Amino acid sequence: MVAAVFLIAVVVYGLVRPAPEGATAPGRLVDFELQRLNGSGTVSQSDFAGRPAILNFWASWCIPCRKEMPLFERMHQRFSDEIAIIGIDVQDTPINAKEFVDEYNITYEILRDPDAELAGRLNVDPLPQTFFLDADGRLSGNPVLGEISEEHLLARIEELRAGGTAE
């Protein structure tokens, strides 16, 4: 009963919370530059300009993140020529994040947001949370709060591939 009330509260909060500051001004993700997990430089939003992108915020200690990580890897393997899938590790130690990525054999780009600076600017809470960007860098539809299903992710990918706005 308590768990059901908590789940309903999280869903309601996700629906009524204010828009993330700067996240949609106007319809664009806030500019960012984050360190790669492997330590070889940084990545900014402009690095994947011109193609649709999926940004998935996660952490190694997040159980739903562990459940959906293999799904994002499968989608990366299937659609990497068309869509950039980028994982953003939030508030983890580099060691824990690297062990997590190794455990799931993740090959897509993983960035670090160790102090949750970008996550905080986008009101990412709780984890996981997934944002979708069209090829022009505009936010496409609403972000997905919590674990995403394969069906929902595929539908959003197809919308991005078609150049439309996903919901």
Side-chain angles (χ1 to χ4, degrees), residues 10 13-62 64-65 68-69 71-73 75-76 79-98 100-101 106-148 152-153 155-167:
V10 168
Y13 172 75
L15 294 173
V16 300
R17 69 182 173 174
E21 182 180 320
T24 59
R28 293 201 175 273
L29 185 68
V30 294
D31 290 330
F32 67 87
E33 184 172 358
L34 296 172
Q35 183 74 35
R36 285 186 167 101
L37 178 63
N38 67 12
S40 61
T42 60
V43 172
S44 67
Q45 182 180 354
S46 64
D47 290 327
F48 49 90
R51 68 189 267 205
I54 299 171
L55 304 180
N56 175 250
F57 288 80
W58 62 273
S60 64
W61 42 263
C62 165
C65 300
E68 73 179 9
M69 197 62 114
L71 171 61
F72 282 105
E73 178 61 25
M75 295 303 114
H76 168 69
F79 296 107
S80 64
D81 290 342
E82 302 171 70
I83 296 174
I85 296 181
I86 299 144
I88 301 177
D89 176 49
V90 180
Q91 293 183 318
D92 253 334
T93 65
I95 291 171
N96 288 346
K98 287 177 184 177
F100 182 90
V101 166
I106 303 305
T107 61
Y108 57 88
E109 188 81 72
I110 300 293
L111 308 178
R112 295 195 68 240
D113 190 9
D115 299 322
E117 183 179 323
L118 178 59
R121 290 170 60 197
L122 296 174
N123 290 335
V124 173
D125 183 38
L127 293 173
Q129 193 164 347
T130 306
F131 291 80
F132 300 85
L133 293 104
D134 68 17
D136 295 323
R138 292 185 307 259
L139 291 167
S140 178
N142 294 320
V144 174
L145 178 66
E147 182 181 350
I148 192 168
H152 191 174
L153 184 55
R156 299 289 297 261
I157 287 172
E158 289 307 318
E159 288 288 335
L160 290 173
R161 291 175 70 211
T165 300
E167 283 300 329

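For clarity, every value in this text was computed on a predicted model and none was experimentally measured.
- In this structure, A59 and D89 approach most closely via the heavy-atom pair CA-OD1, 3.7 Å.
- Residues V144 and L153 fail the side-chain proximity criterion, which asks for heavy atoms closer than 4.5 Å.
- Looking at L55, D31, I88, L111 one by one, the single match for side-chain contact (heavy atoms from CB on, under 4.5 Å) with L118 turns out to be I88.
- Note: S60 OG to N96 CG = 4.5 Å, rounded to the nearest 0.5 Å.
- Contact detail for G41 and Q35: the closest heavy-atom pair is O-NE2, 3.1 Å.
- Here side chain to side chain donor-acceptor pair (under 3.5 Å) pairs that include residues 109-118, with residues two or more places apart or in two chains, are R36-E109.
- A 4.5 Å side-chain heavy-atom check between L133 and Q45 finds at least one atom pair inside the cut-off.
- With hydrogens and angles ignored, the 3.5 Å screen pairs a side-chain donor or acceptor of D134 with a backbone N or O of D136.
- Considering every non-hydrogen atom in both A53 and I86, the closest pair reads CB-CD1, 4.5 Å.
- Between E82 atom CD and R161 atom CZ the span is 4.0 Å, to the nearest 0.5 Å.
- The shortest side-chain heavy-atom distance between W61 and F100 does not fall under the 4.5 Å cut-off.
- Within the model, atoms CG of L127 and CG of L145 stand 9.5 Å from one another, a figure rounded to the nearest 0.5 Å.
- L122 CG to L139 CG: the interatomic distance, rounded to the nearest 0.5 Å, is 8.0 Å.
- Here the closest non-hydrogen pair linking K98 and L37 is CE-O, 3.2 Å.
- Minimum interatomic distance between N123 and Q129 (heavy atoms only, all atoms of both residues): O-OE1, 3.8 Å.
- Annotation: side chain of F72 is not in contact with side chain of I106 (no heavy-atom distance under 4.5 Å).
- Here CD1 of I110 is found 8.0 Å from CG of N56. Values are rounded to the nearest 0.5 Å.
- We find that R156 and E159 are not joined by a salt bridge, their nearest charged nitrogen and carboxylate oxygen being 4.0 Å or further apart.
- Of the candidates F48, F79, Y108, I85 forms a side-chain contact (heavy atoms from CB on, under 4.5 Å) with just one, namely Y108.
- In this structure, CD1 in I148 is found 7.5 Å from CD1 in I54, a value given to the nearest 0.5 Å.
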